[in-house]
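Computed from heavy atoms alone, side chains included, the values below leave out hydrogens, waters and symmetry copies. We name chains A, B, ... by the order of the sequence lines, and we start the count at 1 in each one.
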Amino acid sequence: MLEVLARYRLPILVTAMLVLPMLTLVLSRGNPGRNPVDRQLINGLGSLETGGAMAVGLLEDLWNDYIALRDLKDENERLKQEVALLREERARLIGVLQENARLRRMLDLKTDRPELELRGARVVSADVSPFFRVLRIRLDTDHVERQVRARMAVVSHEGVVGQILEVYDGYADVLLVSDPRSQIDVYSQRNRTRGMIYGLGHKRDYECKMGYLLRRDEVQEGDTLVTSGKGGIFPQELLVGQVSNVTRKEFGITQEAIVTPAVDVSRLEEVFIVTGKSAPGLRP
Amino acid sequence: MRIVLTILTGFLLLVLESVFVGTFHIDTFLPHVACGLMIYLALQKELFEGGIEATLLAWTADLLGGAPPGVIALGLALIFFTIRLTAQRLSYRSVLVRAALSIVVAAALQTIMLLILLVVLGDLSLIATYLLAALPSALTAPIGLFLTWGPLSRIDGLFQQRHKTLLKE
């Protein structure tokens with residue numbers, strides 16, 4: 001047996017390298033989730049990414065607080081130390097104030113929408129493919145982890161962030177509104193015109209497209225779009241974005257609009273997962 | 001031991017790329033570490049050893065990529081074998097040629113991914129993403145090659161040196 005394996009090791013390797021991913025791809029067409037082995041691996045990778053993010057954060061702090069101030073030190077040691085200390089203190093205070101403001105705004109969401117059961121999570125990393133828009137978040141406690149499932153809505157105080165793509169041990173992938181795989185049913189807040197928002201997958205921006213709009217539907221730049229609640233994932237009246245451009249062709253029965261999402265994902269640090277709704281029968 | 005060290009280094013570089021992209025929001029110009037790894041393994045390693053390392057690292061890249069399972073792994077495997085086959089006819093010794101190769105490889109990977117995604121998702125708007133973001137992002141692939149080539153060749157050098165010393169003794 002081992003002799004056969006040794007003799008045919010190259011054909012076996014070539015087959016494994018090409019056929020295995022092809023097979024995975026074909027099998028995942030109906031079921032986009034990862035298999036248990038992948039899930040365990042992603043869990044391990046998640047821990048590494050968290051560690052990496054912390055290390056990078058420390059290096060960034062080190063650079064901001066000490067190395068970048070080295071020139072001033074040459075001019076005046078005493079003043080430099082004083083300035084460094086004050087800046088460090090100030091940076092820390094600004095950080096605390098910003099975090100405080102962020103958390104306060106997050107808290108406002110909880111106050112504004114008391115019917116939503118919200119669980120907090122921290123953003124850990126982003127995908128590295130230009131075609132997709134996925135964020136990885138860390139679920140801090142077992143309690144939160146047990147409640148989080150795929151296809152749950154993810155929001156911030158600014159509006160809709162996306163939906164849970166998959167949950168691993170302690171981590172979850174969030175499919176952003178701007179990912180081409182994402183589709184959200186929305187209403188225009190101005191006149192209740194209904195449409196579907198789907199991501200464009202642009203890496204330069206987070207723009208989306210509003211489709212399924214009839215030519216007679218009245219949509220204009222600046223229209224605010226909110227979730228319709230249909231589709232069962234996103235609760236009603238969550239802010240999704242604003243129409244930034246409307247395209248009407250000379251022919252055809254439909255029109256399209258470009259939408260700028262309400263949430264600036266590049267600055268996102270904390271998010272909420274909507275794990276349920278208090279009113280019975282309305283669980284997302 | 002050399003294989004384990006090579007895989008761990010590649011693994012670490014891929015995770016670091018993911019963390020840096022997330023922390024500094026480097027969206028358009030990615031270093032394409034996975035492409036750099038495939039180039040090094042295809043050009044510098046014996047086929048079987050390089051193949052095993054490439055398989056594991058391609059799957060790691062796939063897990064970090066956010067793509068449907070298997071897309072990135074398949075693209076990287078195709079790239080590994082293509083470089084391996086062309087290396088028999090073309091010389092990749094010069095640094096500039098290797099840098100150009102990394103750009104071609106990254107562009108090829110994005111093209112393979114686009115084709116697979118067009119078949120799987122059938123969304124033609126991905127072509128715009130491909131032309132505006134995915135293809136231009138290949139221009140920064142030499143950074144990934146530089147980041148991977150140095151550490152991996154040092155690991156190989158370390159073991160070759162040791163091997164020579166053992167032979168002398």
Between CZ on residue B:F80 and CE on residue A:M17, distance to nearest 0.5 Å
5.0 Å
Quick one: pull up CD1 in B:I116 and CE in A:M22 and give me the separation to the nearest 0.5 Å.
8.0 Å
Here the pair of heavy atoms bringing A:L13 nearest to B:I52 is CD1-N, 3.9 Å
For the residue pair B:G70 and A:P21, what are the closest heavy atoms and their distance?
O-CB, 3.5 Å
Segment of [X] engaging chain A (4.5 angstrom heavy-atom cut-off):
X: B:L76; value: neither
X: B:L109; value: neither
X: B:F48; value: both

Looking at A:D173, A:L20, A:L135, which one has more heavy-atom pairs under 4.5 Å with chain B than the rest?
A:L20
Heavy-atom count around B:F81 CZ within 6.0 Å, excluding the residue itself: above 12?
yes
Tell me, do B:W59 and A:T24 make a side-chain contact under 4.5 Å, heavy atoms counted?
yes
Are side-chain heavy atoms of A:R136 and B:L64 found at a separation under 4.5 Å?
yes
Tell me, for A:V19 versus chain B, whether the close heavy atoms (under 4.5 Å) come from the side chain, the backbone, both or neither.
neither
Trace of the salt bridge (charged side-chain N to carboxylate O under 4.0 Å, His left out) decision for A:R9 with B:E49
CA-CA 11 Å; A:R9 61 183 195 166; B:E49 184 186 328; over 6 Å; no
